[in-house]
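Below: the structure, in C-alpha coordinates.
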Amino acid sequence: KVWSVVADQAHDREMDRLREEAQRTIQHAEPARTERQEAYTDATGMVVGTLAQVEARAAAGDPAAEYTLFRWYSSDSYGVPRDDARSLAYLERAAQSDHRQATLAYGERLANGDGLPKDPARAVPFFEKAARLGSARAAALAGQHYRAGDGVARDFAKAYAFFTQAADGGNAFGQALAGWCLERGEGVDPDLPRALALYREAAGKDYVWAAERLAHLLSDPRSPHANPEEAWQWTERGATLGSPNLRLRFAQLLIFGRDGTPDQRQQAVAWVRELALTENPTACLLLARMHLNAWTVGHDLAAAVPLLQAAAAKNHPPAFEVLLRLHAFGIGVPRDPAAAADLRERLARTNPPANMLETLDRLLAATRDSADDLGSLNAAPATYLWQQRPAYPAALRRQGITGQAEISFRVDAEGFTRDVRIVSATHPEFGAAAHFAVSQWRFDPRRREPWTESEAITVPVHFNLTE
(Lines give C-alpha, C1' and ligand atoms only; values in the text may rest on other atoms or scores of the structure.)
Protein backbone atom coordinates (compact mmCIF):
# COMPACT_ATOMS: atom_id res chain seq x y z
CA LYS A 1 0.00 0.00 0.00
CA VAL A 2 2.85 2.37 0.85
CA TRP A 3 4.42 1.92 -2.56
CA SER A 4 1.07 2.33 -4.30
CA VAL A 5 0.56 5.66 -2.52
CA VAL A 6 4.08 6.76 -3.42
CA ALA A 7 3.55 5.87 -7.09
CA ASP A 8 0.20 7.68 -7.21
CA GLN A 9 1.72 10.79 -5.68
CA ALA A 10 4.63 10.66 -8.11
CA HIS A 11 2.26 10.37 -11.05
CA ASP A 12 0.20 13.33 -9.84
CA ARG A 13 3.33 15.46 -9.42
CA GLU A 14 4.54 14.53 -12.87
CA MET A 15 1.19 15.32 -14.48
CA ASP A 16 1.20 18.74 -12.81
CA ARG A 17 4.70 19.34 -14.13
CA LEU A 18 3.73 18.28 -17.64
CA ARG A 19 0.71 20.56 -17.65
CA GLU A 20 2.85 23.53 -16.61
CA GLU A 21 5.42 22.60 -19.26
CA ALA A 22 2.71 22.34 -21.90
CA GLN A 23 1.41 25.79 -21.04
CA ARG A 24 4.90 27.28 -21.32
CA THR A 25 5.40 25.59 -24.66
CA ILE A 26 2.11 26.90 -26.00
CA GLN A 27 3.04 30.40 -24.91
CA HIS A 28 6.37 30.12 -26.76
CA ALA A 29 5.13 28.22 -29.78
CA GLU A 30 2.18 30.34 -30.84
CA PRO A 31 4.20 33.53 -31.55
CA ALA A 32 6.81 31.45 -33.38
CA ARG A 33 4.16 29.97 -35.67
CA THR A 34 2.65 33.33 -36.50
CA GLU A 35 5.86 35.32 -36.80
CA ARG A 36 7.77 32.64 -38.78
CA GLN A 37 10.81 32.93 -36.57
CA GLU A 38 13.61 30.40 -36.76
CA ALA A 39 12.76 27.26 -34.80
CA TYR A 40 14.83 26.56 -31.69
CA THR A 41 15.00 24.09 -28.78
CA ASP A 42 13.96 25.49 -25.39
CA ALA A 43 15.00 24.51 -21.87
CA THR A 44 12.28 21.87 -21.63
CA GLY A 45 13.79 19.87 -24.51
CA MET A 46 11.04 20.82 -26.96
CA VAL A 47 11.37 22.67 -30.25
CA VAL A 48 9.57 26.00 -30.56
CA GLY A 49 8.42 26.73 -34.08
CA THR A 50 5.71 26.08 -36.65
CA LEU A 51 4.44 22.57 -37.34
CA ALA A 52 6.23 22.55 -40.71
CA GLN A 53 9.50 23.67 -39.12
CA VAL A 54 9.33 21.03 -36.40
CA GLU A 55 8.37 18.25 -38.82
CA ALA A 56 11.26 19.21 -41.09
CA ARG A 57 13.70 18.98 -38.19
CA ALA A 58 12.20 15.64 -37.12
CA ALA A 59 12.58 14.30 -40.67
CA ALA A 60 16.25 15.23 -40.44
CA GLY A 61 16.57 13.09 -37.30
CA ASP A 62 16.41 15.81 -34.61
CA PRO A 63 15.33 13.98 -31.41
CA ALA A 64 14.10 17.19 -29.78
CA ALA A 65 11.77 17.77 -32.71
CA GLU A 66 10.60 14.13 -32.54
CA TYR A 67 9.86 14.53 -28.84
CA THR A 68 8.01 17.77 -29.57
CA LEU A 69 5.81 16.09 -32.16
CA PHE A 70 5.12 13.27 -29.71
CA ARG A 71 3.83 15.83 -27.26
CA TRP A 72 1.86 17.77 -29.86
CA TYR A 73 0.15 14.74 -31.39
CA SER A 74 -0.63 13.15 -28.00
CA SER A 75 -2.89 16.03 -26.96
CA ASP A 76 -5.44 18.45 -28.35
CA SER A 77 -3.74 21.31 -26.50
CA TYR A 78 -1.17 22.26 -29.14
CA GLY A 79 -3.32 23.23 -32.09
CA VAL A 80 -2.77 20.04 -34.11
CA PRO A 81 -5.21 17.09 -34.42
CA ARG A 82 -4.55 14.34 -31.92
CA ASP A 83 -2.96 11.25 -33.47
CA ASP A 84 -1.90 8.64 -30.93
CA ALA A 85 -0.20 6.32 -33.44
CA ARG A 86 1.91 9.11 -34.93
CA SER A 87 2.65 10.45 -31.43
CA LEU A 88 3.94 7.07 -30.24
CA ALA A 89 6.07 6.60 -33.36
CA TYR A 90 7.79 9.93 -32.77
CA LEU A 91 8.30 9.08 -29.09
CA GLU A 92 10.00 5.78 -29.93
CA ARG A 93 12.32 7.46 -32.44
CA ALA A 94 13.29 10.16 -29.92
CA ALA A 95 13.87 7.59 -27.17
CA GLN A 96 16.11 5.51 -29.44
CA SER A 97 18.09 8.69 -30.14
CA ASP A 98 18.82 9.18 -26.41
CA HIS A 99 16.56 12.18 -25.88
CA ARG A 100 16.31 12.27 -22.09
CA GLN A 101 12.64 13.20 -21.67
CA ALA A 102 11.60 10.87 -24.48
CA THR A 103 13.55 7.97 -23.02
CA LEU A 104 11.85 8.49 -19.66
CA ALA A 105 8.40 8.86 -21.23
CA TYR A 106 8.81 5.72 -23.34
CA GLY A 107 9.86 3.76 -20.27
CA GLU A 108 6.81 4.98 -18.38
CA ARG A 109 4.53 3.95 -21.23
CA LEU A 110 6.02 0.45 -21.14
CA ALA A 111 5.82 0.25 -17.35
CA ASN A 112 2.19 1.38 -17.23
CA GLY A 113 0.87 -0.20 -20.42
CA ASP A 114 -0.04 3.23 -21.78
CA GLY A 115 -0.43 2.83 -25.55
CA LEU A 116 1.98 -0.11 -25.48
CA PRO A 117 1.77 -3.61 -24.03
CA LYS A 118 2.74 -3.45 -20.38
CA ASP A 119 6.31 -4.72 -20.15
CA PRO A 120 8.31 -3.80 -17.02
CA ALA A 121 11.30 -5.81 -18.26
CA ARG A 122 11.55 -3.55 -21.33
CA ALA A 123 10.79 -0.44 -19.29
CA VAL A 124 13.69 -0.73 -16.85
CA PRO A 125 16.51 -0.33 -19.44
CA PHE A 126 14.85 2.88 -20.65
CA PHE A 127 14.70 4.17 -17.08
CA GLU A 128 18.35 3.28 -16.57
CA LYS A 129 19.34 5.02 -19.80
CA ALA A 130 17.32 8.12 -18.91
CA ALA A 131 18.98 8.13 -15.49
CA ARG A 132 22.41 8.05 -17.16
CA LEU A 133 21.26 10.97 -19.29
CA GLY A 134 20.53 12.93 -16.11
CA SER A 135 16.86 12.28 -15.33
CA ALA A 136 16.37 12.16 -11.56
CA ARG A 137 12.82 10.89 -11.96
CA ALA A 138 14.02 8.03 -14.16
CA ALA A 139 16.54 7.07 -11.50
CA ALA A 140 13.77 6.96 -8.89
CA LEU A 141 11.59 4.77 -11.14
CA ALA A 142 14.48 2.42 -11.90
CA GLY A 143 15.11 2.12 -8.17
CA GLN A 144 11.45 1.36 -7.55
CA HIS A 145 11.55 -1.53 -10.05
CA TYR A 146 14.73 -2.98 -8.52
CA ARG A 147 13.28 -2.72 -5.02
CA ALA A 148 10.03 -4.45 -6.02
CA GLY A 149 11.66 -6.97 -8.35
CA ASP A 150 9.31 -5.76 -11.09
CA GLY A 151 10.76 -6.72 -14.47
CA VAL A 152 14.21 -7.31 -12.96
CA ALA A 153 15.69 -9.40 -10.17
CA ARG A 154 15.10 -7.75 -6.81
CA ASP A 155 18.22 -5.89 -5.72
CA PHE A 156 17.94 -3.59 -2.70
CA ALA A 157 21.49 -2.27 -3.04
CA LYS A 158 20.95 -1.25 -6.66
CA ALA A 159 17.56 0.24 -5.73
CA TYR A 160 19.17 2.39 -3.04
CA ALA A 161 21.88 3.53 -5.45
CA PHE A 162 19.24 4.72 -7.93
CA PHE A 163 17.20 6.38 -5.17
CA THR A 164 20.32 8.20 -4.01
CA GLN A 165 21.00 9.41 -7.56
CA ALA A 166 17.43 10.68 -7.78
CA ALA A 167 17.70 12.36 -4.37
CA ASP A 168 20.95 14.05 -5.36
CA GLY A 169 19.12 15.36 -8.41
CA GLY A 170 16.52 17.01 -6.18
CA ASN A 171 13.71 14.56 -6.97
CA ALA A 172 11.31 14.41 -4.01
CA PHE A 173 10.18 10.90 -4.96
CA GLY A 174 13.80 9.70 -4.84
CA GLN A 175 14.49 11.55 -1.60
CA ALA A 176 11.54 9.88 0.08
CA LEU A 177 12.49 6.40 -1.13
CA ALA A 178 16.15 6.82 -0.22
CA GLY A 179 14.93 7.86 3.22
CA TRP A 180 12.81 4.71 3.40
CA CYS A 181 15.83 2.51 2.60
CA LEU A 182 17.89 4.28 5.29
CA GLU A 183 15.06 3.97 7.81
CA ARG A 184 14.57 0.26 7.15
CA GLY A 185 18.12 -0.74 6.29
CA GLU A 186 17.25 -1.90 2.77
CA GLY A 187 20.37 -2.08 0.60
CA VAL A 188 22.26 0.14 3.05
CA ASP A 189 23.02 0.23 6.77
CA PRO A 190 20.18 1.82 8.78
CA ASP A 191 20.72 5.51 9.44
CA LEU A 192 17.66 7.23 10.90
CA PRO A 193 19.17 10.75 11.10
CA ARG A 194 19.97 10.65 7.36
CA ALA A 195 16.54 9.21 6.65
CA LEU A 196 14.89 12.05 8.56
CA ALA A 197 16.96 14.61 6.66
CA LEU A 198 15.84 13.15 3.32
CA TYR A 199 12.22 12.98 4.45
CA ARG A 200 12.43 16.66 5.44
CA GLU A 201 13.75 17.58 1.99
CA ALA A 202 10.96 15.65 0.26
CA ALA A 203 8.23 16.90 2.59
CA GLY A 204 9.52 20.44 2.13
CA LYS A 205 8.62 19.99 -1.55
CA ASP A 206 5.08 19.00 -0.48
CA TYR A 207 5.68 15.27 -0.93
CA VAL A 208 2.87 14.02 1.30
CA TRP A 209 4.14 10.52 2.03
CA ALA A 210 7.40 11.97 3.41
CA ALA A 211 5.36 14.20 5.71
CA GLU A 212 3.52 11.08 6.92
CA ARG A 213 6.80 9.36 7.75
CA LEU A 214 8.04 12.43 9.65
CA ALA A 215 4.82 12.73 11.62
CA HIS A 216 5.08 9.06 12.59
CA LEU A 217 8.78 8.91 13.42
CA LEU A 218 9.05 12.21 15.27
CA SER A 219 6.04 11.45 17.47
CA ASP A 220 7.44 8.13 18.74
CA PRO A 221 8.29 8.75 22.42
CA ARG A 222 10.68 5.78 22.40
CA SER A 223 12.89 7.38 19.74
CA PRO A 224 15.87 9.57 20.64
CA HIS A 225 14.80 11.72 17.68
CA ALA A 226 11.29 12.33 19.02
CA ASN A 227 10.13 15.90 18.48
CA PRO A 228 6.40 16.29 19.13
CA GLU A 229 6.24 19.89 17.97
CA GLU A 230 7.93 19.16 14.65
CA ALA A 231 5.72 16.08 14.27
CA TRP A 232 2.69 18.32 14.74
CA GLN A 233 3.97 20.78 12.11
CA TRP A 234 4.35 18.00 9.51
CA THR A 235 0.97 16.57 10.52
CA GLU A 236 -0.73 19.90 9.89
CA ARG A 237 1.16 20.47 6.64
CA GLY A 238 0.43 16.98 5.31
CA ALA A 239 -3.22 17.28 6.33
CA THR A 240 -3.48 20.57 4.46
CA LEU A 241 -1.97 18.86 1.39
CA GLY A 242 -4.71 16.22 1.50
CA SER A 243 -3.26 13.19 3.32
CA PRO A 244 -6.20 11.17 4.75
CA ASN A 245 -3.91 9.62 7.37
CA LEU A 246 -2.65 12.98 8.57
CA ARG A 247 -6.11 14.54 8.52
CA LEU A 248 -7.26 11.82 10.90
CA ARG A 249 -4.13 12.21 12.99
CA PHE A 250 -4.65 15.98 13.10
CA ALA A 251 -8.19 15.49 14.43
CA GLN A 252 -7.16 12.83 16.94
CA LEU A 253 -4.39 15.00 18.36
CA LEU A 254 -6.74 17.92 18.82
CA ILE A 255 -9.25 15.66 20.59
CA PHE A 256 -6.85 13.66 22.76
CA GLY A 257 -3.49 15.33 22.94
CA ARG A 258 -3.16 19.05 22.35
CA ASP A 259 -4.92 22.37 22.46
CA GLY A 260 -5.96 23.98 19.21
CA THR A 261 -7.62 27.09 17.91
CA PRO A 262 -11.35 27.12 17.13
CA ASP A 263 -10.48 27.29 13.42
CA GLN A 264 -8.25 24.20 13.72
CA ARG A 265 -10.99 22.27 15.50
CA GLN A 266 -13.57 23.31 12.93
CA GLN A 267 -11.25 22.20 10.12
CA ALA A 268 -10.56 18.88 11.86
CA VAL A 269 -14.28 18.13 12.14
CA ALA A 270 -14.79 19.00 8.45
CA TRP A 271 -11.98 16.65 7.39
CA VAL A 272 -13.30 13.78 9.51
CA ARG A 273 -16.80 14.26 8.09
CA GLU A 274 -15.44 14.27 4.51
CA LEU A 275 -13.51 11.05 5.11
CA ALA A 276 -16.50 9.41 6.81
CA LEU A 277 -18.56 10.11 3.70
CA THR A 278 -16.06 7.97 1.75
CA GLU A 279 -16.70 5.14 4.27
CA ASN A 280 -13.17 5.36 5.63
CA PRO A 281 -13.59 3.06 8.66
CA THR A 282 -11.20 4.98 10.92
CA ALA A 283 -13.02 8.22 10.14
CA CYS A 284 -16.42 6.59 10.70
CA LEU A 285 -15.33 5.30 14.10
CA LEU A 286 -13.74 8.61 15.11
CA LEU A 287 -16.81 10.62 14.13
CA ALA A 288 -19.05 8.14 15.95
CA ARG A 289 -16.98 8.50 19.11
CA MET A 290 -17.07 12.27 18.71
CA HIS A 291 -20.87 12.12 18.69
CA LEU A 292 -21.02 9.65 21.59
CA ASN A 293 -18.69 11.75 23.74
CA ALA A 294 -19.50 15.30 22.53
CA TRP A 295 -15.93 15.82 21.35
CA THR A 296 -16.04 19.10 19.39
CA VAL A 297 -19.50 18.11 18.03
CA GLY A 298 -22.89 17.74 19.70
CA HIS A 299 -23.84 14.64 21.66
CA ASP A 300 -25.86 12.62 19.12
CA LEU A 301 -26.42 8.90 19.63
CA ALA A 302 -28.59 8.62 16.52
CA ALA A 303 -25.74 9.93 14.36
CA ALA A 304 -23.18 7.62 15.99
CA VAL A 305 -24.93 4.29 15.38
CA PRO A 306 -24.84 4.20 11.53
CA LEU A 307 -21.23 5.36 11.59
CA LEU A 308 -20.28 2.48 13.88
CA GLN A 309 -22.18 0.06 11.68
CA ALA A 310 -20.33 1.36 8.60
CA ALA A 311 -16.95 0.92 10.32
CA ALA A 312 -17.84 -2.60 11.47
CA ALA A 313 -19.00 -3.49 7.94
CA LYS A 314 -15.43 -2.67 6.84
CA ASN A 315 -14.14 -5.11 9.49
CA HIS A 316 -12.61 -2.33 11.57
CA PRO A 317 -11.86 -4.06 14.93
CA PRO A 318 -12.12 -0.98 17.22
CA ALA A 319 -15.71 -0.51 16.03
CA PHE A 320 -16.62 -4.05 17.13
CA GLU A 321 -16.14 -3.27 20.82
CA VAL A 322 -18.28 -0.11 20.82
CA LEU A 323 -21.02 -1.71 18.74
CA LEU A 324 -20.93 -4.78 21.01
CA ARG A 325 -21.77 -2.55 23.97
CA LEU A 326 -24.65 -0.94 22.11
CA HIS A 327 -26.20 -4.32 21.27
CA ALA A 328 -25.58 -5.76 24.74
CA PHE A 329 -27.44 -2.91 26.47
CA GLY A 330 -29.80 -1.81 23.70
CA ILE A 331 -28.26 1.66 23.34
CA GLY A 332 -29.61 3.25 20.16
CA VAL A 333 -30.27 -0.22 18.71
CA PRO A 334 -32.52 -3.11 19.82
CA ARG A 335 -30.91 -5.18 22.58
CA ASP A 336 -29.50 -8.23 20.85
CA PRO A 337 -27.29 -10.58 22.93
CA ALA A 338 -26.64 -12.80 19.87
CA ALA A 339 -25.34 -9.86 17.82
CA ALA A 340 -23.16 -8.79 20.77
CA ALA A 341 -21.72 -12.32 21.04
CA ASP A 342 -21.00 -12.40 17.31
CA LEU A 343 -19.13 -9.09 17.54
CA ARG A 344 -17.10 -10.53 20.41
CA GLU A 345 -16.02 -13.45 18.23
CA ARG A 346 -15.11 -11.13 15.34
CA LEU A 347 -13.06 -9.03 17.73
CA ALA A 348 -11.32 -12.10 19.18
CA ARG A 349 -10.05 -13.05 15.71
CA THR A 350 -8.09 -9.76 15.58
CA ASN A 351 -5.96 -10.71 18.64
CA PRO A 352 -6.97 -7.83 20.96
CA PRO A 353 -5.42 -7.44 24.43
CA ALA A 354 -6.43 -10.31 26.69
CA ASN A 355 -7.80 -7.99 29.39
CA MET A 356 -10.19 -6.43 26.84
CA LEU A 357 -11.73 -9.82 26.05
CA GLU A 358 -11.95 -10.67 29.75
CA THR A 359 -13.86 -7.45 30.43
CA LEU A 360 -16.20 -8.01 27.50
CA ASP A 361 -16.85 -11.60 28.55
CA ARG A 362 -17.92 -10.40 32.01
CA LEU A 363 -20.10 -7.72 30.39
CA LEU A 364 -21.76 -10.26 28.11
CA ALA A 365 -22.37 -12.61 31.05
CA ALA A 366 -24.03 -9.75 32.97
CA THR A 367 -26.31 -8.77 30.10
CA ARG A 368 -27.05 -12.06 28.35
CA ASP A 369 -29.70 -13.65 30.56
CA SER A 370 -33.26 -12.43 30.88
CA ALA A 371 -34.81 -11.85 34.30
CA ASP A 372 -36.51 -15.27 34.11
CA ASP A 373 -33.18 -17.01 33.46
CA LEU A 374 -31.21 -15.40 36.29
CA GLY A 375 -32.26 -17.91 38.90
CA SER A 376 -33.31 -17.35 42.50
CA LEU A 377 -32.41 -14.27 44.46
CA ASN A 378 -29.28 -14.57 46.55
CA ALA A 379 -29.36 -13.74 50.22
CA ALA A 380 -27.39 -10.52 49.64
CA PRO A 381 -27.70 -9.67 45.93
CA ALA A 382 -25.75 -6.81 44.43
CA THR A 383 -27.75 -3.84 43.31
CA TYR A 384 -26.02 -3.90 39.91
CA LEU A 385 -25.24 -6.77 37.60
CA TRP A 386 -23.07 -4.33 35.63
CA GLN A 387 -22.15 -0.74 36.43
CA GLN A 388 -19.93 0.90 33.82
CA ARG A 389 -17.62 3.63 35.09
CA PRO A 390 -17.50 6.77 32.94
CA ALA A 391 -14.37 7.50 30.91
CA TYR A 392 -12.76 10.79 31.93
CA PRO A 393 -12.60 13.05 28.83
CA ALA A 394 -8.92 13.18 27.86
CA ALA A 395 -8.85 16.87 26.97
CA LEU A 396 -10.46 17.87 30.28
CA ARG A 397 -8.14 15.62 32.29
CA ARG A 398 -5.14 17.15 30.52
CA GLN A 399 -6.37 20.63 31.45
CA GLY A 400 -7.01 19.60 35.07
CA ILE A 401 -10.75 20.30 34.80
CA THR A 402 -13.08 18.52 37.22
CA GLY A 403 -16.87 18.53 37.29
CA GLN A 404 -20.03 16.48 37.37
CA ALA A 405 -23.18 15.60 35.49
CA GLU A 406 -26.67 14.69 36.57
CA ILE A 407 -28.29 11.85 34.65
CA SER A 408 -31.95 10.85 34.65
CA PHE A 409 -33.15 7.36 33.66
CA ARG A 410 -35.75 4.64 34.21
CA VAL A 411 -35.11 0.96 34.85
CA ASP A 412 -37.04 -1.58 32.78
CA ALA A 413 -38.28 -5.01 33.85
CA GLU A 414 -34.95 -6.58 32.83
CA GLY A 415 -32.94 -4.15 34.93
CA PHE A 416 -31.55 -2.11 32.00
CA THR A 417 -31.53 1.69 32.09
CA ARG A 418 -33.88 3.34 29.62
CA ASP A 419 -34.76 6.93 28.63
CA VAL A 420 -31.31 8.03 29.76
CA ARG A 421 -31.10 11.82 29.69
CA ILE A 422 -28.53 14.47 30.63
CA VAL A 423 -30.22 16.75 33.18
CA SER A 424 -27.21 19.02 33.69
CA ALA A 425 -23.44 18.99 33.28
CA THR A 426 -20.62 21.35 34.13
CA HIS A 427 -19.13 20.58 30.71
CA PRO A 428 -20.76 18.92 27.64
CA GLU A 429 -18.08 16.21 27.57
CA PHE A 430 -18.81 15.27 31.20
CA GLY A 431 -22.49 14.99 30.30
CA ALA A 432 -21.81 12.76 27.30
CA ALA A 433 -19.36 10.52 29.20
CA ALA A 434 -21.83 10.09 32.07
CA HIS A 435 -24.70 9.42 29.65
CA PHE A 436 -22.78 6.65 27.87
CA ALA A 437 -21.70 5.07 31.17
CA VAL A 438 -25.18 5.08 32.76
CA SER A 439 -26.59 3.63 29.52
CA GLN A 440 -24.37 0.61 30.30
CA TRP A 441 -25.81 -0.09 33.74
CA ARG A 442 -27.88 -3.14 34.54
CA PHE A 443 -29.61 -3.46 37.87
CA ASP A 444 -30.47 -6.87 39.26
CA PRO A 445 -34.11 -7.25 38.12
CA ARG A 446 -34.78 -9.60 41.05
CA ARG A 447 -34.54 -6.54 43.31
CA ARG A 448 -37.37 -4.12 42.74
CA GLU A 449 -36.40 -1.61 45.40
CA PRO A 450 -35.41 1.19 45.43
CA TRP A 451 -37.09 1.74 42.05
CA THR A 452 -40.19 0.84 40.14
CA GLU A 453 -40.30 0.53 36.38
CA SER A 454 -42.29 3.72 35.90
CA GLU A 455 -40.15 5.95 38.13
CA ALA A 456 -37.42 8.21 36.84
CA ILE A 457 -34.22 8.24 38.87
CA THR A 458 -31.66 11.06 38.84
CA VAL A 459 -28.08 10.37 39.90
CA PRO A 460 -24.97 12.58 40.08
CA VAL A 461 -21.83 11.38 38.29
CA HIS A 462 -18.61 13.01 39.57
CA PHE A 463 -15.34 13.47 37.67
CA ASN A 464 -12.38 13.84 40.00
CA LEU A 465 -8.74 13.74 38.92
CA THR A 466 -7.79 11.62 41.93
CA GLU A 467 -10.10 8.75 40.93
Side-chain angles (χ1 to χ4, degrees), residues 248 251-260 262 264-266 268-273 276 282-312 318-333 335 359-360 363 367 384 386-411 416-442 456-467:
L248 289 170
Q252 290 166 334
L253 286 172
L254 288 175
I255 292 169
F256 301 113
R258 66 180 295 128
D259 298 325
Q264 286 175 323
R265 289 184 174 276
Q266 185 177 6
V269 172
W271 281 335
V272 174
R273 289 188 191 280
T282 304
C284 288
L285 175 64
L286 179 58
L287 187 56
R289 295 181 67 193
M290 290 165 70
H291 281 301
L292 285 174
N293 296 282
W295 294 332
T296 71
V297 298
H299 179 240
D300 191 341
L301 178 61
V305 171
L307 289 164
L308 289 167
Q309 291 169 334
F320 297 158
E321 190 224 348
V322 184
L323 202 55
L324 179 156
R325 291 175 179 272
L326 301 191
H327 280 294
F329 291 94
I331 306 171
V333 295
R335 194 172 80 83
T359 298
L360 293 177
L363 182 153
T367 59
Y384 300 95
W386 187 268
Q387 186 180 25
Q388 183 67 38
R389 293 178 61 84
Y392 207 115
L396 300 185
R397 181 185 290 279
R398 189 179 69 253
Q399 298 171 56
I401 297 174
T402 61
Q404 71 172 38
E406 285 194 343
I407 304 297
S408 171
F409 59 92
R410 290 186 308 101
V411 181
F416 292 97
T417 55
R418 293 291 177 256
D419 301 329
V420 181
R421 183 173 63 87
I422 302 170
V423 176
S424 65
T426 56
H427 193 285
E429 292 188 26
F430 286 145
H435 182 281
F436 193 46
V438 172
S439 297
Q440 296 175 74
W441 288 1
R442 188 186 187 188
I457 303 170
T458 299
V459 298
V461 179
H462 298 280
F463 292 85
N464 298 313
L465 295 171
T466 55
E467 294 183 358

Subject >> Crowding at CD, Q387 (>12 non-hydrogen neighbours, <6.0 Å) >> reply: yes

**OP:** Taking the side chain as every heavy atom from C-beta outward, state whether F320 and L360 have any pair of such atoms under 4.5 Å apart.
**Re:** no

Original post:
Given side chains that start at C-beta, do those of Q440 and T367 come closer than 4.5 Å, heavy atoms only?
Top reply: no

Original post:
Which residues satisfy the salt bridge (Lys or Arg N to Asp or Glu O under 4.0 Å) test with R265, sequence neighbours excluded?
Top reply: none

**OP:** Would you check if F436 and L326 make a side-chain contact, meaning some heavy-atom pair closer than 4.5 Å?
**Re:** yes

Subject >> Ring geometry between F430 and F463 (parallel below 30°, tilted from 30 to 60°, perpendicular above 60°) >> reply: parallel

Subject >> Side chains of W441 and V411 in contact at under 4.5 Å (non-hydrogen atoms) >> reply: no

Original post:
Would you call L292 and V322 a side-chain contact if the rule is heavy atoms closer than 4.5 Å?
Top reply: yes

Subject >> Minimum heavy-atom distance F416-A328, with the two atoms named >> reply: CE2-O, 3.9 Å

Donor-acceptor pairs under 3.5 angstrom involving side-chain atoms of residues 299-311: please list them, not counting sequence neighbours.
{"from": "D300", "atom 1": "OD1", "to": "A302", "atom 2": "N", "distance (Å)": "3.2"}
{"from": "D300", "atom 1": "OD1", "to": "A303", "atom 2": "N", "distance (Å)": "3.1"}

Subject >> Minimum heavy-atom distance V438-F409, with the two atoms named >> reply: CG1-CD2, 3.7 Å

Subject >> Nearest atoms (heavy-atom pairs only) where L323 meets A312 >> reply: CD2-CB, 3.8 Å

Subject >> Side-chain donor or acceptor of T426 paired with backbone N/O of Q404 under 3.5 Å >> reply: yes

Original post:
When you look at CZ of R442, are more than 12 heavy atoms from neighbouring residues, nucleotides or ligands closer to it than 6.0 Å?
Top reply: yes

